[in-house]
Number of protein chains: 2
Amino acid sequence: METLTIGELSARSGVAPSALRFYEREGLIHASRTSGNQRRYDRAELRRVSFIKIAQQVGVSLDEIREALASLPENRTPTKADWSRLSARWRYRLQERITVLERLRDELSGCIGCGCLSLQRCKLANPGDRLAAGGTGPQRILNPVLDLNPVLDLNPILD
Amino acid sequence: METLTIGELSARSGVAPSALRFYEREGLIHASRTSGNQRRYDRAELRRVSFIKIAQQVGVSLDEIREALASLPENRTPTKADWSRLSARWRYRLQERITVLERLRDELSGCIGCGCLSLQRCKLANPGDRLAAGGTGPQRILNPVLDLNPVLDLNPILD
DNA sequence: CTGCTACTTGAAGTTCACTTCAACTCAAGG
DNA sequence: CCTTGAGTTGAAGTGAACTTCAAGTAGCAG
């Protein structure tokens, strides 16, 4: 069992065969073919699929994942060092995402007592109405993460 | 300015008018109408929109958000206590999500050194091949969060 | 060789969360 | 009153990430 069929790769990775074919069309993974045109996956592909799944957990689009995978060497099977490099980058992204959610959690916690959902206002006992005061524009406390999440404006004028 | 036009609500919430109309069709927010059939939003709707945005940041589907909002009283404007209750629930969900991501981060960190992406194996120096040994089935270290994320199997057989 | 399961393809369908469009009406300042 | 920007509708379109389908072929156990 040097190589895996699509069914085997699917079973091991937990990714549906249809999704694996889709990933191949999208250039995320690769397969060789038997004389009868069936796909055979090198065991190294399993690692690529793992990587894709981890990235998706973090909330990264397939486009971005493809880009990341493109930084792997094409002429040879990626080494552990190669994966190590990518993983490290991933960890950083993951930490960013966690930090944003923690901030949101903490702000929300501070607001639970009053239920206002106007986080800035509640937390800072913000005097006056900054938006109505014009000038600085909407206060956005969260920055986009991984270009995925729409910026969240947590300072609407309430009450 | 007792009520807001759709443009005003859009500006204050950062949500496009088309999205606000969509949310109304979907039963997430409500609006009254002028004699000329234009929407007028009660200021309380701003809080609903804030809630929707926060929930989306956490990664919750509109279906689930609608369900959460449905637990608000329909016959009266929600009080701060009502929002406080929902926020608390949200904070819990958020914490769950954070915990999952932290676990993923930590496992990934432990794996960066070797680049194997086979987290279970790497971390536990798992003797033998549990999947090939049959029996226990794939090891899934992450549970689904909010029914959103496909379960991530981080124990494919690598090497 | 038979039979069976797994595999192949391209095209079309699905879900989510919206956006865009066309054709029209409203509201408010000058 | 007139103009102009903001608002109205239903229907159709978008993009991401797949899944489903139909009709056919491969691979392998017996």
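- Residue B:T5 places at least one side-chain N or O under 4.0 Å from the OP1 or OP2 atom of D:dG7.
- Rounded to an integer number of Å, the gap from B:R39 CZ to D:dT8 P is 5 Å.
- A close approach under 4.0 Å does occur between a side-chain nitrogen or oxygen of B:T34 and OP1 or OP2 of C:dA27.
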Give the table of side-chain donor-acceptor pairs shorter than 3.5 Å for residues 26-34 of chain B, with sequence neighbours excluded, one pair per line with atom names and distance.
unit_1	atom_1	unit_2	atom_2	d
B:S32	OG	B:R40	O	3.1
B:R33	NH1	B:N37	O	2.9
B:R33	NH1	B:N37	OD1	3.3
B:T34	OG1	B:G36	N	3.2
B:T34	OG1	B:N37	N	3.4
B:T34	OG1	B:Q38	N	3.0

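- Here the shortest heavy-atom pairing between A:I6 and A:P17 reads CD1-O, 3.6 Å.
- Between A:R39 and A:E45 there is no salt bridge, since no side-chain nitrogen of the basic residue lies less than 4.0 Å from a carboxylate oxygen of the acidic one.
- Separating the CZ atom of B:R25 from the P atom of D:dA11 is a distance of 11 Å, rounded to the nearest angstrom.
- In this structure, A:S18 does not reach the D:dT20 phosphate: none of its side-chain N or O atoms is under 4.0 Å from OP1 or OP2.
- Rounded to a whole Å, the CG atom of B:D63 is 17 Å from the P atom of C:dT14.
- As rounded to whole Å, 9 Å separates atom P of C:dT19 from atom CG of B:L20.
- Comparing C:dA17, D:dG7, D:dT19 by their closest approach to the side chain of A:A19 singles out D:dT19.
- Residues A:R47 and A:D82 are not paired through a salt bridge, judged by the lack of any N-O separation under 4.0 Å between the basic side chain and the carboxylate.
- Note: CZ (B:R33) to C1' (C:dC26) measures 13 Å, nearest angstrom.
- Comparing D:dT8, C:dT8, D:dA17 by their closest approach to the side chain of A:N37 singles out C:dT8.
- The listed nucleotides are C:dT9, D:dT8, C:dT19; the one nearest the side chain of B:R21 is D:dT8.
- Across every non-hydrogen atom of A:L86 and A:S71, the tightest pair is CD2-OG, 3.4 Å.
- Close to D:dC18, at under 4.0 Å from its OP1 or OP2, lies a side-chain N or O of A:Y23.
- Nucleotide D:dA17 holds its P atom 15 Å from the CD1 atom of A:I29, rounded to whole Å.
- Between B:Q56 and the phosphate of C:dC18, there is a side-chain N or O to OP1/OP2 separation shorter than 4.0 Å.
- Rounded to an integer number of Å, the gap from A:R66 CZ to D:dC18 P is 12 Å.
- Using a 4.0 Å heavy-atom criterion, one finds that B:R40 contacts no nucleic acid atom at all.
- With rounding to whole Å, A:I6 atom CD1 is found 14 Å from D:dC18 atom P.
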